[in-house]
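Heads up: the structure comes next, in structure tokens.
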Amino acid sequence: MGYFDPKQYVEFTMHFRCNLKCEHCMIEGTMDWLKPESMERFQEILSYNQQHRCWKGAIFTGSEITLSSNLPDLARMARQNGFEHVRIQTNGIRLADENYCRELVEAGIDEYFVSVMAADAETHDAIALVRGAFAKMMRGLENLDAYENVFLLTNTVITKRSYRDLPRIVDCLAHLRRLVQMDFWNYWPMNETDEKDLIVPYTEILPFLKEAIAKAWQKGLAIEVKNFPECLLGEYSKALNNDQPKLFIDDAFWTEFMRNGFFQCIHREKCGSRQCLGLNTAYIKKFGWQEDILSPLPIQTPFLA
Ligand code: SF4
């Protein structure tokens, strides 16, 4: 279970530029031509929410939203239009600047969803393909940790390079008082094949993922795992939450997204899971259907009075 309810959030992609070159980037290759949401569209959605109160929280993302000079203005507009929370999704590089952090907090951004790619600088920087990225990201988290009214969330994409680091990532963030949630998203390639050779067999990830979840729970943190078979998680399955906020993004993104081919599983018809995304096309091409390690969950029969 997460600390936040994704259904209460709406996500705006206002900007497509980035200062890292992460090897697992989901929009690499599309950043150049995806169109950010216009200010007119943004204002329309703000007005709609004023009237209908669909969402309590606004999330700003793009590629790297802190590169957008009007981010503080966007946050103020969201707050003035009734949003109780404003979140940014960021690689954390610019948060190393204390003055910039203050500007964002004062503009009303109270939730920071920061990418932590590994537990040490060498691995994180190698994934981000930028030296110094880990140090800046950690400094940014520590800068924000000084604010009473701020919530910190982290996201780690599970790939061949990061999966062994998962428990150590929990350890290296343990000193942050404002950290409330850690996400672990098992990599999906936005493609029918794993061109970059980043997908890892579930059984290899599992012990590291379980250890990381157990450590985080012990520390009182919420965990959200995405894109991992529910039947393999056993007692850790309540960490699985594939829900996402309502996303406003260029329609062309969805054509790319559909290339993943989620919801495939030999056992799908007889499985009662409501959360599981099953396998995706690239995983199946690389490792097969793995029907022997997966086991359908019981189908819940509705109670009849
Ligand atoms: S059997 Fe298939 S659909 Fe059911 S939980 Fe396992 S992977 Fe998911």
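When a ligand or atom number is given, it counts from 1 through the structure's own listing order.
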### Task
For R177, look at atom CZ and say whether over 12 heavy atoms of other residues, nucleotides or ligands are found less than 6.0 Å away.
yes

### Message
Just to confirm my output: which protein heavy-atom neighbour is closest to atom 8 (Fe) of ligand 1, and how far is it?
### Response
C276 SG, 2.4 Å

### Query
Under 6.0 Å between ring centres, would you say that holds for F262 and W188?
yes

### Summary
ligand 1 to P229, heavy atom cutoff 4.0 Å, flagged ligand atoms 7 (S)

### Enumerated ligand 1 atoms positioned under 4.0 Å from heavy atoms of P296
1 (S)

## Note on the structure
So CG of L206 and NZ of K210: to nearest 0.5 Å the spacing works out to 4.5 Å

### Message
With heavy-atom distances below 4.0 Å as the criterion, list the atoms of ligand 1 near R268.
### Response
3 (S)

### Message
Report whether any nitrogen, oxygen or sulfur of C265 sits less than 2.8 Å from atom 2 (Fe) of ligand 1 (N, O or S, backbone or side chain).
### Response
yes

### Task
Please determine, by modelled atom types, if H15 and E64 share a side-chain donor-acceptor pair under 3.5 angstrom.
no

### Task
Could you find the nearest protein heavy atom to atom 4 (Fe) of ligand 1 and give me its residue, atom name and distance?
C271 SG, 2.3 Å

### Message
Tell me whether atom 4 (Fe) of ligand 1 has H267 as a neighbour, meaning an N, O or S atom of it below 2.8 Å.
### Response
no

### Message
Is a donor from one side chain sitting under 3.5 angstrom from an acceptor on the other, for N242 and Q244?
### Response
no

### Query
Are E40 and Q43 close enough that some pair of their side-chain heavy atoms sits under 4.5 Å apart?
no

### Task
Taking only heavy atoms of S295 into account, list the atoms of ligand 1 that are under 4.0 Å away from them.
1 (S)

### Query
Transitively linked via ILVMFWY side-chain contacts under 4.5 Å: I284 with I205?
yes

### Query
Tell me: protein heavy atom nearest atom 5 (S) of ligand 1, and distance?
C231 N, 3.4 Å

